Amino acid sequence: MRPSQVAAAAGVNLQTLRYYERRGLLDEPVRSLGGHRVYPDEAVTTLRVIKAAQRLGFTLTEVAALLDTARHRHAIGEGAGLQAQARQKLADVEAKIADLTVIAETLRAGIGAGCDDLATCAGDPNCPLPFTELGHAVGPGGRA
């Protein structure tokens, strides 16, 4: 397949295709007699896998490691890279969700308390937002 065909089939642009190739995520394609890049059909699958992994929160470095593990796996069950990395990514996502839940609850409390001005709210000891310490540390003119 020509680069434009691969990119279109995978839903990426040509720059992304070439970038992934430079990063080693895609094998360098063979060249036709005319010097044109010719990718195997599997390149589309690889690109789709890369994009799916990114949507799941994996970085390109992590995707490269997963692809490398898959390429060098000799028997089923060897190289449990995906399982280990998926567990770690899930733990990271769950930690972010917990952090975002606390942030959302704090913002709801601030909205419910009618906080309209951060400086005023920060000076109010009953303010539910975490600015009360800041309000006491700031002197006249907003300087600490």
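Everything numeric in this text was worked out from a predicted model, so none of it was measured.
What you find for V63 and A53 is that their closest heavy atoms are CG2-CB, 3.6 Å. A pairwise comparison of heavy atoms in Y39 and P3 identifies CE1-CG, 3.8 Å as the closest pair. In this structure, G57 and E62 approach most closely via the heavy-atom pair O-OE1, 4.0 Å. In terms of heavy-atom proximity, L17 sits nearest to L47 at CD1-CD1, 3.6 Å.
Cluster membership for Y19 and L26, using ILVMFWY side-chain heavy atoms within less than 4.5 angstrom, is shared. V12 and L56 fall within a single hydrophobic cluster, where Ile, Leu, Val, Met, Phe, Trp and Tyr are joined by side-chain heavy atoms under 4.5 Å apart, directly or via other members. Using a 4.5 Å cut-off between side-chain heavy atoms of Ile, Leu, Val, Met, Phe, Trp and Tyr, with links allowed through other members, M1 and V38 fall into different hydrophobic clusters. By the criterion of side-chain heavy atoms lying less than 4.5 angstrom apart, applied directly or through intervening Ile, Leu, Val, Met, Phe, Trp or Tyr residues, L14 is grouped together with V6 in one hydrophobic cluster.
Atom-to-atom distance recorded for T16:OG1 and R23:CZ is 12.5 Å, nearest 0.5 angstrom. With rounding to the nearest 0.5 Å, the separation of NZ in K96 from CD1 in I103 is 12.0 Å. To the nearest 0.5 Å, atom OG1 of residue T61 and atom CG of residue L25 are 8.5 Å apart.
Among residues at least two apart or in separate chains, side-chain hydrogen bond (donor to acceptor under 3.5 Å, both in side chains) pairs with a member in residues 45-55 are Y20-K51, Y20-Q54, K51-Q54.
By the neighbour-count criterion of 12 heavy atoms within 6.0 Å, atom CG of D117 is densely surrounded, having more than that number from other residues, nucleotides or ligands.
Residues forming a salt bridge (Lys or Arg N to Asp or Glu O under 4.0 Å) with R37 (at least two apart in sequence, or on another chain): E21.
Looking at heavy atoms from C-beta onward, T69 lies out of side-chain contact with L82 at the 4.5 angstrom threshold. Between L60 and I50, the closest side-chain pair of non-hydrogen atoms falls below 4.5 Å.
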